[in-house]
Protein chains: 2
Amino acid sequence: MPTPEMPTPESTTEAPQDFEALKAVILERKAQLPKRLKQVAAYSLDHPDEIAFGTAASIATSADVQPSTLVRFAQHFGFEGFSSLQQIFRARLRERTPGYEDRLKALRGNDHATLESGSIFNGFVAAAHRSLDNVARAIHPEAFEKAVDILAKADTIFLIAKRRSYPISSYMAYAFGKLRVKYQHVGTAAGIDDDLLAMATKQDAAFAVSFSPYASESAAQARFLANRKVPVVSLTDSAFSPLAESSKVWFELVEADHAGFRSLSASMAFAMALTVAIAEKRRRQGDSGGS
Amino acid sequence: MPTPEMPTPESTTEAPQDFEALKAVILERKAQLPKRLKQVAAYSLDHPDEIAFGTAASIATSADVQPSTLVRFAQHFGFEGFSSLQQIFRARLRERTPGYEDRLKALRGNDHATLESGSIFNGFVAAAHRSLDNVARAIHPEAFEKAVDILAKADTIFLIAKRRSYPISSYMAYAFGKLRVKYQHVGTAAGIDDDLLAMATKQDAAFAVSFSPYASESAAQARFLANRKVPVVSLTDSAFSPLAESSKVWFELVEADHAGFRSLSASMAFAMALTVAIAEKRRRQGDSGGS
DNA sequence: CGCGAAATGGAACGTTCGTTCTATCGTGAC
DNA sequence: GTCACGATAGAACGAACGTTCCATTTCGCG
């Protein structure tokens, strides 16, 4: 009889999958742990960063135990070895976003969780939340102030965006229209763009948006304006964006994605804030700059 | 006095000691970097977490370079090897986003004085969060399923949106293009819209978006299609929307606002989910609906 | 077109890693 | 006292690591 070498039916992993769960289990069983394992338990909760970055050998030295003890500790809690336990500690550092946990739990609890297309729906909502959580960190208030300054001073604001970025500029175009801020939307009808840009002067300014993979047209148009001393403000997702070098001020904003489709929420929120801040500054200066 | 231009006799190692300094140096010298090193430079700033946790081999694979290139990159910036550069990225994760909390508090403290546009910015991010928190409640999974059904079956999907809703449909147009879903964007150039709509048949379907104050054109176009037995799915913000009566399925979605400017994040997340769900359903049915 | 320098890819190297294995230790039962 | 058994320390091992080295390619310049 070919018996599978599996003495215990529970040898299938019941290991905690996130740090909070792991912490709970450790605290719960801490009292009944052998001496050395208790020592590791205390160390792991007191120095989680060390566990995340260190090697088994270095951690063992710090915690004053043998490396093999770390392995036994990990296996004691259902992990295959020390390395897989370490992943929990690393994941904790990656996704440290306050409030995010609660939102995700709320999402899991809703009706959409059951249906298949519902998980797509929840996925995009979660991605949007993540994007927004990051955006405040990514945007420096001083830079934002400066961008508002530049664009509020401009006579006409040129909006440059293609493809995936186009919805952002088209929102700004709509809002600028309502707010009576003079603008030119570049990239709507092909052919006349160059003529439009040729009319730009130092008194104007431009706002360009482009995310990887960058539309070469947008980069070229931004460069064209920069060469003509038209100040350019840009929104992109990497310091290596071709837009950056043409810009007086630029913002680096990485959207979270679901299934490879990047959110637009953070960019949109940014665009709205910029638009309104510009209009507000103009209103206060009593200079509408409009038609 | 440290002279900026140094012919690089490599006298003393002047490696940056923290992430911000490193980032600054990389950005400063990125233009003069060889191809592969520039590639690493971009990757390192775009995926700092990967650098922190990964191994030289795994990072090299992700960044599509050789491990040795990573070492050369590190040495190029004054580090002894890749490992010591990696320490910088790890230290960055250890420090809990220093300064950010303070900056936020400072912003909240100074409501009107110094950084007024900062509060505008925070306001829009908060509004977007609120919108997203509501959207899962507002959208019924069954209705979503049905909408996906209708639109996935369609030969051509007509996208109807004006003004404030236009960014939403223009994102969908972009995504449909990428996903090879046949669509017609209604409302781009005035005049030919009616001719476009006249070509719609029962085999097609439409997705209309309109929020209060409703664009009368959008409502009229939706009605026109409904009369011709073209199924219409719509996204709006009230049960009394003129779109509702023309629609087979409609969604009521109220965006939160800041200073009277409504967010678009919930609508965008909805649009993305709908778009991807449609494409996913088509893919599974092996029916692309035309190229 | 040809030359020299710089950059690159990839194999090879010595090191260090996490894990396993086993002899020894400590402890409670009888 | 000694037997049984889990816990422990530490050596041993294969795998994977970061680094180095060198042949080849690419680039800039006369």
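Note on naming: letters A, B, ... go to the chains in the order of the sequence lines (proteins, then strands), and numbering restarts at 1 for each one.
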Base, sugar-phosphate, or nothing for B:Thr69, non-hydrogen atoms under 4.0 angstrom?
sugar-phosphate
Under the criterion side chain to side chain donor-acceptor pair (under 3.5 Å), I'd like the reasoning laid out for A:Gln221 against A:Lys162: C-alpha separation, chi angles, the key distance, then a yes or no.
CA-CA 11 Å; A:Gln221 290 169 344; A:Lys162 307 273 144 60; 2.9 Å; yes
Between CG of B:Leu85 and C1' of D:dT19 the distance, given in whole Å, is 14 Å
What is the distance, to the nearest angstrom, from the CD atom on A:Gln66 to the P atom on C:dT22?
18 Å
Rounded to whole Å, the CD-P distance (A:Gln86 to D:dA16) equals 16 Å
Do the charged groups of A:Asp149 and A:Lys248 touch, with an N to O distance under 4.0 Å?
no
Just the rounded figure in Å: distance from P of D:dT8 to CG of A:Leu37.
5 Å
Round to the nearest Å and state the distance from A:Lys35 atom NZ to D:dG6 atom P.
19 Å
Atom CG of B:Leu70 to atom P of C:dT8: distance rounded to whole Å?
12 Å
Length of the line joining B:Lys38:NZ and D:dC27:C1', which is rounded to integer Å
14 Å
Starting at CZ of A:Phe73 and ending at C1' of C:dT19, how long is that distance when rounded to a whole Å?
17 Å
Distance below 4.0 Å between A:Thr55 side-chain N/O and C:dC17 OP1 or OP2:
yes
Please report whether the ring centroid of A:Phe207 lies less than 6.0 Å from that of A:Phe158.
no
Output the single nucleotide from C:dA7, C:dG18, D:dT19 whose closest atom is nearest the side chain of A:Ser83.
C:dG18
Does A:Ser68 get its side chain close enough to the base of D:dG10, under 3.5 Å, for a donor-acceptor pair?
yes
Contacts of A:Val65 and B:Gly54 projected onto DNA chain D by closest heavy atom; the upstream (5') one is A:Val65
Tell me what A:Gln75 touches on the nucleic acid: a base, only sugar-phosphate, or nothing, going by heavy atoms under 4.0 Å.
sugar-phosphate
Report which part of the nucleic acid A:Pro67 touches: base, sugar-phosphate, or nothing (heavy-atom distance under 4.0 Å, all strands).
base
Any side-chain heavy atom of A:Ile160 sitting closer than 4.5 Å to one from A:Leu225?
yes
Just checking, B:Arg29 and B:Phe77: is the charged tip under 6.0 Å from the six-membered ring centre and within 45° of the axis?
yes
Closer than 4.0 Å, any side-chain N/O of A:Arg72 to the OP1 or OP2 of D:dT8?
yes
